[in-house]
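Comments concern the structure below.
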Amino acid sequence: MLRFFTPKMVSRLGAAAPSWRTAFRTAATTGTAAPTLASVTGSSTPMPAKVVIGDAANGSSPQISMMWTDIVGIDGVNSRISAGPLLSMMDLCAYRIAEKVSGFATKRTGTTYNSCTVAVNNTNFACPILHGDSVRMDGRVIHAGGSSLGIYIRFYRNSPSTRLETTAGEAFFTMVLITPELKSAKVAPEMVLTDPEDIKLHHRYNQIREAQKKNDVEGKAHRATQLTAEEVDGKVNRSKSMHMTIGATQCVANRIFFSSYLNNNNTVFGGEIMSWMERHAVHCGRMLTENKYVYAVGMHSVSFPEPIYSSDWVTLIANATYVRNTTMEVEVTLTAERKTTGQVITNRASFVLINMNEIGQKAKIRFGIDLSKATQEELQRYMEARTRYSGGVPTAMRFRCGTRERR
């Protein structure tokens, strides 16, 4: 379950939670026990002093990171900005970091390498960002395999009204180093993580990947069984005064992405794809609630199994798959129609939305999901979403936010 924070909660969490760097320094000076991986993986193993990622056969590089600051939204508009532009900005930041790694490999070998986004997990928007706020992206490589890179992005807002930099959200990106022919390239160099916070993030990233694999396996097993509406329904959904079918919540859109949206691989930029998906996920939520004050506050995951080209005719389908008291989950699927291969699924994403009133307070959602006429696929998707909510997120994966000292 994703956590949602008000500004007051943000300040309290920021003040209450000591940094990992502080904990390690305290242990070193006082002789007390150093932090362990217990809060990250459940293990009592002491936190290692360093973690080596990547492959030494591909050369050795310092840990690659970057910070990027820009003003978001429209000047003079005093309202909350949607999550789409922030997703696009995060993807650009992750892409730039991955391009630094591919640039290192290109210089070392003389062969051109590029990069692309293949997945984004555990995206949290911890507090609203307004038009005119300054947003700072802080990203770094925290995992490297042969061709894959795990990149952590944390972003901050700086509001003219407070002049304080506040943690606003985070996401884990998986990027892949590729050749110009879009084939994976095992050229990730060796990097050494020594910062305790980065080591913690490395273990969080691995935990998220393992949890994703486990969910995929369990999902396949569940889809092999027949579910009934009575089995998957819950108390919250039954308590709703009105219900509509998942099919009735469906929103459809189409688009051709022109060349201005292409990246160096001549495929559509992942940030633009996520921004478009978020926009229609929110629209789907607003149609369900009959309320314009619906916002995206999280994204469980988004996958990029296939690239999108400028010649593709892309169809977007958004459905509300699960509804709680004030939050809901909307699943978005993109399908590309191609002359040679026909239709292929290019993207799937699961967004968490919150229903609010005109003064920014959480508002109860009147409608529930009518499962009596749901198909097996719809029941499976509903059950998967319900399991995500009821199971919650392990402590180490819950995002704490607040003011943070610049590194």
Side-chain angles (χ1 to χ4, degrees), residues 18-29 33-68 90 93-111 113-122 136-155 170-178 184-210 396-397 404-407:
S19 69
W20 277 72
R21 190 176 294 104
T22 301
F24 267 79
R25 287 172 179 168
T26 302
T29 56
T36 70
L37 296 181
S39 63
V40 181
T41 63
S43 168
S44 59
T45 305
M47 181 72 75
K50 66 177 182 180
V51 171
V52 179
I53 59 176
D55 189 348
N58 297 324
S60 182
S61 167
Q63 183 190 15
I64 294 176
S65 62
M66 71 164 290
M67 283 193 290
W68 174 25
M90 280 191 282
C93 184
Y95 177 71
R96 176 57 186 152
I97 293 170
E99 284 296 283
K100 284 187 175 184
V101 179
S102 66
F104 177 90
T106 298
K107 290 179 182 178
R108 191 183 70 84
T109 63
T111 302
Y113 296 104
N114 298 316
S115 62
C116 66
T117 307
V118 295
V120 186
N121 295 98
N122 281 46
R136 178 171 69 90
M137 298 280 165
D138 184 355
R140 78 282 305 262
V141 177
I142 45 91
H143 173 86
S147 60
S148 65
L149 300 173
I151 296 176
Y152 176 75
I153 306 289
R154 183 178 294 176
F155 58 98
E170 68 169 359
F172 289 86
F173 281 73
T174 299
M175 314 290 289
V176 169
L177 301 174
I178 57 175
S184 63
K186 296 184 177 181
V187 293
E190 177 188 70
M191 287 177 265
V192 180
L193 308 180
T194 57
D195 189 308
E197 186 176 353
D198 292 336
I199 294 172
K200 177 189 118 175
L201 291 170
H202 169 79
H203 289 289
R204 280 186 63 195
Y205 177 79
N206 286 336
Q207 186 186 24
I208 291 168
R209 293 181 72 188
E210 289 302 316
M397 295 168 65
R404 181 174 181 268
E405 178 184 357
R406 289 181 183 269
R407 298 181 63 188

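Numbers here are sequence positions counted from 1.
Scored by the salt bridge (Lys or Arg N to Asp or Glu O under 4.0 Å) test, Glu190 finds no partners at all (sequence neighbours excluded). Residues forming a side-chain hydrogen bond (donor to acceptor under 3.5 Å, both in side chains) with Tyr113 (at least two apart in sequence, or on another chain): none. Applying the side-chain hydrogen bond (donor to acceptor under 3.5 Å, both in side chains) rule to Asn58 yields no partners; only residues at least two apart in sequence or on another chain are considered. Evaluation of the side-chain hydrogen bond (donor to acceptor under 3.5 Å, both in side chains) rule for Asn114 yields Asn265 as partners, not counting sequence neighbours. Residues satisfying the side chain to side chain contact (heavy atoms under 4.5 Å, CB included) criterion with Ser115, sequence neighbours excluded, are Tyr95, Ala98, Glu99, Leu177. Evaluation of the ring pair (Phe, Tyr, Trp, His ring centres under 6.0 Å) rule for Phe172 yields Tyr152 as partners, not counting sequence neighbours.
Atom CD of Glu197 and atom CZ of Arg154 lie 5.0 Å apart (nearest 0.5 Å). Of the inter-residue distances, the one linking Ser60 atom OG with Arg108 atom CZ reads 11.0 Å to the nearest 0.5 angstrom. Between the CG atom of Leu193 and the NE2 atom of His203 there is a distance of 9.0 Å, given to the nearest 0.5 Å. A distance of 5.5 Å separates CZ in Phe173 from CE in Met90, rounded to the nearest 0.5 Å.
Shown here for Ile97 and Gly139, the closest heavy-atom pair between the two residues is CD1-C, 3.4 Å. The two residues Ala171 and Val120 make their nearest non-hydrogen contact at CB-CG1, 4.2 Å. Between Lys100 and Ser65 the shortest heavy-atom distance is NZ-O, 3.2 Å. The heavy-atom pair separating Met67 from Arg136 by the smallest distance is SD-NH1, 2.8 Å.
When only modelled atom types and interatomic distance are considered, Asp198 and His202 share no side-chain donor-acceptor pair under 3.5 Å.
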Only distances under 3.5 Å count here; give the side-chain donor-acceptor pairs of residues 142-151 to other protein atoms, sequence neighbours excluded, each with its distance to 0.1 Å.
from   : atom 1 : to     : atom 2 : distance (Å)
His143 : NE2    : Arg209 : NH1    : 3.0

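Under the 3.5 Å distance criterion, the side-chain polar atoms of Thr106 are matched with a main-chain donor or acceptor of Ser102.
Salt-bridge formation is not detected for the pair Asp55/Lys186: no Lys NZ or Arg NE/NH1/NH2 atom is positioned less than 4.0 Å from an Asp or Glu carboxylate oxygen.
Side-chain contact check for Arg204 versus Glu170: some heavy-atom pair is nearer than 4.5 Å.
Under the side-chain contact (heavy atoms from CB on, under 4.5 Å) test applied with Pro189, the options Ile64, Val101, Ile53 reduce to a single match, Val101.
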